[in-house]
Amino acid sequence: MLPIQEIVEKENLTKEDIVTLLTVKTKEEQDVLLQKANAVKEQFVGKKVYLRGLIELSNICGKNCFYCGIRAENNNTKRYNIPDEEVVEVIRFAKSNQFSSVVIQSGELCNFAFTKRITRLLEKIQNISEEQFRVTLSLGEQSEETYREWYNAGAQRYLLRIESSDRELYRTLHPNNKLHDYEARLKCLQVLKRIGYQAGTGVMIGLPFQTFENLADDLLFMKNLDIDMVGMGPYIEHEDTPLYQYRESLLPIKDRFDLSLRMIAILRILMKDINIASTTALQSIDPEGREKGLLAGANVLMPNLTPLKYRDNYMLYENKPGVFQDEEESVVYIKKVVNSAGEEIAQDYGDSLHFKKKRQF
Ligand code: SAM
Ligand code: SF4
């Protein structure tokens with residue numbers, strides 16, 4: 001087997017190389033990987049961090065993913081839906097704090113009223129921002145028609161994690177029915193790309209039954225799909241979910257964290273000019289998790305701008321951080337994160353360079 005130093009310098013990484021990088025045993029080896037990824041990031045996307053204000057629009061969800069704390073059958077969650085006026089306030093706040101982009105995320109609803117509500121909201125956002133704002137949606141699986149309607153109403157980016165690219169594992173993580181179908185999710189990603197969205201995906205890392213080979217395949221899946229942006233992070237258990245019963249079989253939380261950093265780093269080496277988020281789940285394990293994600297090759301942060309009164313009901317997993325931090329504090333905190341990683345906040349929209357290059361051809 002090649003030493004880590006030689007693997008990270010290779011032009012093309014094989015699945016075997018990726019598994020070797022994912023399973024490094026020493027801190028020195030991990031540092032070689034992370035430093036290489038950071039150097040690639042500096043060379044291809046610079047030491048700039050793109051901020052996206054995150055709005056957790058609603059925790060009302062029609063689905064029952066086995067890992068998620070806001071799944072429909074969890075009756076211990078108080079459901080909410082942020083009214084448009086409050087969302088508009090958040091947008092104004094984001095604008096006055098030099099954000100040029102927001103992410104609207106929500107539980108998944110697939111009906112006429114929801115589609116129209118989002119369309120109206122997008123139109124309002126375009127109005128108040130004089131079309132100076134980039135909006136990413138993360139609202140789950142929808143019909144092609146709906147995706148087109150939202151694109152035409154001003155959404156340019158869409159984030160839909162594949163969760164795991166392995167069909168078998170995907171089936172284990174979801175109820176076996178039409179609402180939770182791997183092929184349908186994959187098709188959505190293809191449709192989003194075809195419509196012209198900057199398309200993002202991602203996976204959870206350290207899931208029950210997940211192998212290092214699965215994770216290597218996940219990274220190759222993202223490369224083969226030629227994705228523009230990625231948000232991935234550690235799986236963290238939630239006691240009101242079916243997967244909680246497997247908690248004893250999980251990797252220790254610190255190992256899930258390190259593995260997530262290695263996933264980010266390898267992805268940066270594989271896909272040099274895409275946008276990669278340093279996710280909140282990293283911070284829930286390590287207070288400096290998001291800085292560490294940046295130093296492992298990530299270039300996007302998503303400070304939570306959801307009004308405080310709703311925050312503790314968007315509990316996807318245990319110990320989700322930032323629940324007691326209001327919007328102002330979130331912004332101050334995130335600036336500290338960027339500074340302590342020795343980077344600076346980018347002033348432009350932060351479109352994926354990968355996407356822009358593809359568009360030029
Ligand atoms: N409902 C939409 C969907 O599923 O695509 C968007 C919202 S969903 C809450 C956003 C992401 O949260 C999911 O794609 C999943 O990866 C992540 N998530 C859910 N439960 C999680 C957990 N227990 N640990 C880590 N991430 C989790
Ligand atoms: Fe709903 Fe998304 Fe959670 Fe699945 S991951 S239960 S679709 S909010």
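Computed from a predicted model, the values in this text were never measured in an experiment. Order of listing sets the numbers, starting from 1, for every ligand and every atom in it.
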Number the atoms of ligand 2 from 1 as they appear, then name those within less than 4.0 Å of a heavy atom of [X], with their elements.
X      : value
Ile70  : 8 (S)
Cys65  : 4 (Fe), 5 (S), 6 (S), 7 (S)
Gly107 : 8 (S)

Considering only the protein, which heavy-atom contact is closest to [atom], and what is its distance?
atom                    : result
atom 15 (C) of ligand 1 : Glu163 OE1, 3.4 Å
atom 12 (O) of ligand 1 : Leu316 CD1, 3.5 Å
atom 7 (S) of ligand 2  : Cys61 SG, 3.6 Å

Could you check whether [X] pairs with [Y] (Lys NZ or Arg NE/NH1/NH2 to Asp/Glu carboxylate O, under 4.0 Å)?
X      : Y      : result
Asp258 : Lys254 : yes
Glu163 : Arg185 : yes
Lys187 : Glu144 : no

inquiry  = Any heavy atom of Pro234 closer to ligand 1 than 4.0 angstrom?
reply    =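 Under 4.0 Å: yes for Pro234.
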query = Hey, does His238 sit under 4.0 Å from ligand 1 if you only count heavy atoms?
reply =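 It does not; every heavy atom stays at 4.0 Å or beyond.
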Ring centroids only, cut at 6.0 angstrom: are [X] and [Y] within range, meaning strictly under it?
X      : Y      : answer
Tyr50  : Tyr349 : no
Tyr197 : Tyr151 : yes
Tyr170 : His180 : no

For [X], take its heavy atoms, then give the atoms of ligand 1 lying under 4.0 Å from any of them.
X      : answer
Arg185 : 3 (C), 4 (O), 5 (O)
Tyr314 : 7 (C), 9 (C)
Arg161 : 14 (O), 15 (C), 16 (O), 17 (C)

Heavy-atom neighbours of [X] [atom1] exceed 12 at 6.0 Å:
X      : atom1 : answer
Asn111 : CG    : yes
Lys357 : NZ    : yes
Glu145 : CD    : no

ask   = For Arg290, which of Val338, Thr279, Ile334 qualifies under side chain to side chain contact (heavy atoms under 4.5 Å, CB included)?
value =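 Of all the options given, the one that passes is Ile334.
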Parallel, tilted or perpendicular: ring planes of Tyr147 versus Tyr158, cut at 30 and 60 degrees =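 Perpendicular.
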query = How does Met204 reach ligand 1, by side chain, by backbone, by both or by neither, if only non-hydrogen atoms under 4.0 Å count?
reply =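 It is the side chain that gets close, since no backbone atom is under 4.0 Å.
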inquiry  = Looking at atom 3 (Fe) of ligand 2, is there an N, O or S atom belonging to Cys68 that lies under 2.8 Å away from it?
reply    =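 Yes.
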query = Looking at atom 2 (Fe) of ligand 2, is any protein heavy atom nearer than 4.0 Å to it?
reply =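 No, no protein heavy atom sits under 4.0 Å from atom 2 (Fe) of ligand 2.
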Can an N or O of [X] be found at a distance shorter than 3.5 Å from an N or O of ligand 1?
X      : answer
Tyr317 : no
Ser106 : yes
Ser138 : no
Ile236 : yes
Tyr67  : yes

inquiry  = Please determine whether residues Leu54 and Leu160 belong to a single hydrophobic cluster, defined as Ile, Leu, Val, Met, Phe, Trp and Tyr linked transitively by side-chain heavy-atom distances below 4.5 Å.
reply    =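 No; tracing contacts between hydrophobic side chains, which count when under 4.5 Å, never links both residues.
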